[in-house]
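Every number for a ligand or one of its atoms is a count from 1 in the order of the listing. All residue numbers in this chain count up from 1 along the given sequence.
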Amino acid sequence: MTDARAQPLYDTYARADLRFERGEGVWLFTDSGIRYLDFAAGIAVNSLGYSHPHLVTALKTQADKLWHLSNIYEIPGQERLGQRLVDNTFADKVFFTNSGAEALECAIKTARRYHYVNGEHERFRIITFEGAFHGRTLATIAAGGQPKYLEGFGPKVEGFDQVPFGDVNALKAAIGPETAAILIEPVQGEGGVRPVPEEELRALRGLCDEHGLLLILDEVQTGMGRTGKLFAHEWSGIQPDIMAVAKGIGGGFPLGACLATAEAAKGMTAGVHGTTYGGNPLAMAVGNAVLDVILEEGFLERVQHVALIMKQGLASISDRYPEAISEVRGRGFLIGLKCRVPNTTMVQALRDEHLLTVGAGDNVVRLLPPLVATEADVREALARIEAAAERLSVTPRQKSA
Ligand SMILES: Cc1ncc(COP(=O)(O)O)c(C=O)c1O
C-alpha cells in the first residue's frame, strides 16, 4: 500500500506518468530529453506555445520592475489591456481575474446585480445547458450541472436551471419571471467539442432581447483566437452582454477576464466585487504581450488556414479508419475526434506516438494545438494520429499517400 505521507498532493488528478522539464514552440521535452508534440497546449492555455520570445521578454522585463500591486492603486497594464479588449470586442468594461471559474463568478454576479439595481430583485436564475463546463467553484459546478462534479459537495448553489443542449423549446419553457440570464459556451469544450449552431446562438440572442435577459458567453476555452476569430461568437454575428475569458488570454500565465457592456455592468459599483491578485502587473504584462501577437495582421487568418488543413486531414483519417474515429467536429484549433474506441485508449495510443491530446465528454479526444502551430506541425500530428488510428483498427486500411 502507498504510504499517504509519501504522497503530499491531493489525489484529485489522475496524472499521466510523464515529467516535462521544458518547452519550445509546439514541443514539450521530458526530463530525460524525449520530445512530445503538444496538441493539448495545457488544455487551450498555451496559446502561443512554449517559450515564445515576446512573452518571455515581457514577463522578465516586468519581473524586474514590479510583481504585485493591490487593486486599491491604479495599474496601468490593466488599463491598457482593458482598453485593448474593449476596442476589439462588444464590451465597454473589463474585470480581471486569475482563472476561468473566477471570470464566470464575476459574470454571474454581474448578471444578478444588473437585475438587482433595476429593482427586479427576484430575477437571479440563470439558464445553462447539459454537458456544460464552467469551472469548479461551488457556483460554477452548479452552473455546469454535471452530477460527477457536484456529488458530495453539499447543497447545489441555487439559481441554475439546466436544459438539454440544442433544445430551444425546452429553453423557452424554462424562461420564467425569475430568469436573469442565459449562460452558454459557443462550443462546449469539455462536454465533447459540441458547437452551438450559429442560428441557435442568434435565436438565443433574440430570446434574451425579447425577455429582458442577459446573454452570458463562456469563451474561456473558445476565446482568444482558438476558433480562428478572436472570439467564437463572432462567427455568428451576435454579441453577448457579458463574456468570461481565461486560458489563452494569459498564454500560460494565470489570467482571466470578465467583459461586459456598460449597461450589463452598471450594478458592479465600487466595493461590490474584488480580487487580490486579479490583473496584477505580471499578468498584465503577459496578457498585453499575448494580445500583441494575436492581433498582428494575418495571425487569425493563418490560424484559420492551418486549422482547415488539420480538419481536412482528420476527416480523411476518419474516413479511412472509421473503427477508430467516427466523427471530426469543432472549429479552428478546437477540434474533437469522436472515437469508436474508448477515448482514453485513443489518448494513450496518441501519447505512445508522442502526441499529446486531451479527452472530453461524449467519448471525444480534443485537439487544441498552440495557435502558432504551422502546417508542418499539423502534418506531423496527422501522421501520428493516422498511425494510432491504424493500430486501433482491426481491419487494415489503405494509408494516405
Ligand atoms: C469553458 C470553460 N469554462 C470555465 C473553465 C474553468 O476555468 P479555470 O479552470 O481556469 O477555472 C474551463 C476550464 O476548463 C472551461 O473550459
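With a heavy-atom cut-off of 4.0 Å, E190 does not touch ligand 1 at all. Within the 4.0 Å heavy-atom criterion, the part of H134 lying near ligand 1 is the backbone and not the side chain. By the criterion of a heavy-atom distance under 4.0 Å, neither the backbone nor the side chain of A246 is placed next to ligand 1.
Using modelled atom types and a 3.5 Å distance limit, the side chains of T222 and E219 yield a donor-acceptor pair. A side-chain donor from one of T374 and D377 sits under 3.5 Å from a side-chain acceptor of the other.
The two residues P240 and M243 make their nearest non-hydrogen contact at CG-CB, 4.3 Å. Scanning all heavy atoms of the two residues, the minimum distance from V290 to G250 falls at CG2-C, 3.9 Å. Contact between L368 and A41 at its shortest, heavy atoms only, is O-CB, 3.2 Å.
Note that atom 9 (O) of ligand 1 has no protein non-hydrogen atoms nearby, at separations under 4.0 angstrom.
Residue Q221 has at least one nitrogen or oxygen atom sitting less than 3.5 Å from a nitrogen or oxygen atom of ligand 1, judged on distance alone. On a distance-only criterion, E102 and ligand 1 share no N/O pair closer than 3.5 Å.
Atom 7 (O) of ligand 1 has G100 CA, 3.3 Å as its closest protein atom, hydrogens excluded (heavy atom only).
Short contacts between ligand 1 and F133, defined as distances under 4.0 Å to a heavy atom of the residue, involve ligand atoms 1 (C), 2 (C), 3 (N), 5 (C), 12 (C), 13 (C), 14 (O), 15 (C).
Using 4.0 Å as the threshold, D218 has a heavy atom nearer than that to some atom of ligand 1.
Here the straight-line distance linking atom CG of L259 with atom CZ of F90 works out to 5.5 Å at 0.5 Å rounding.
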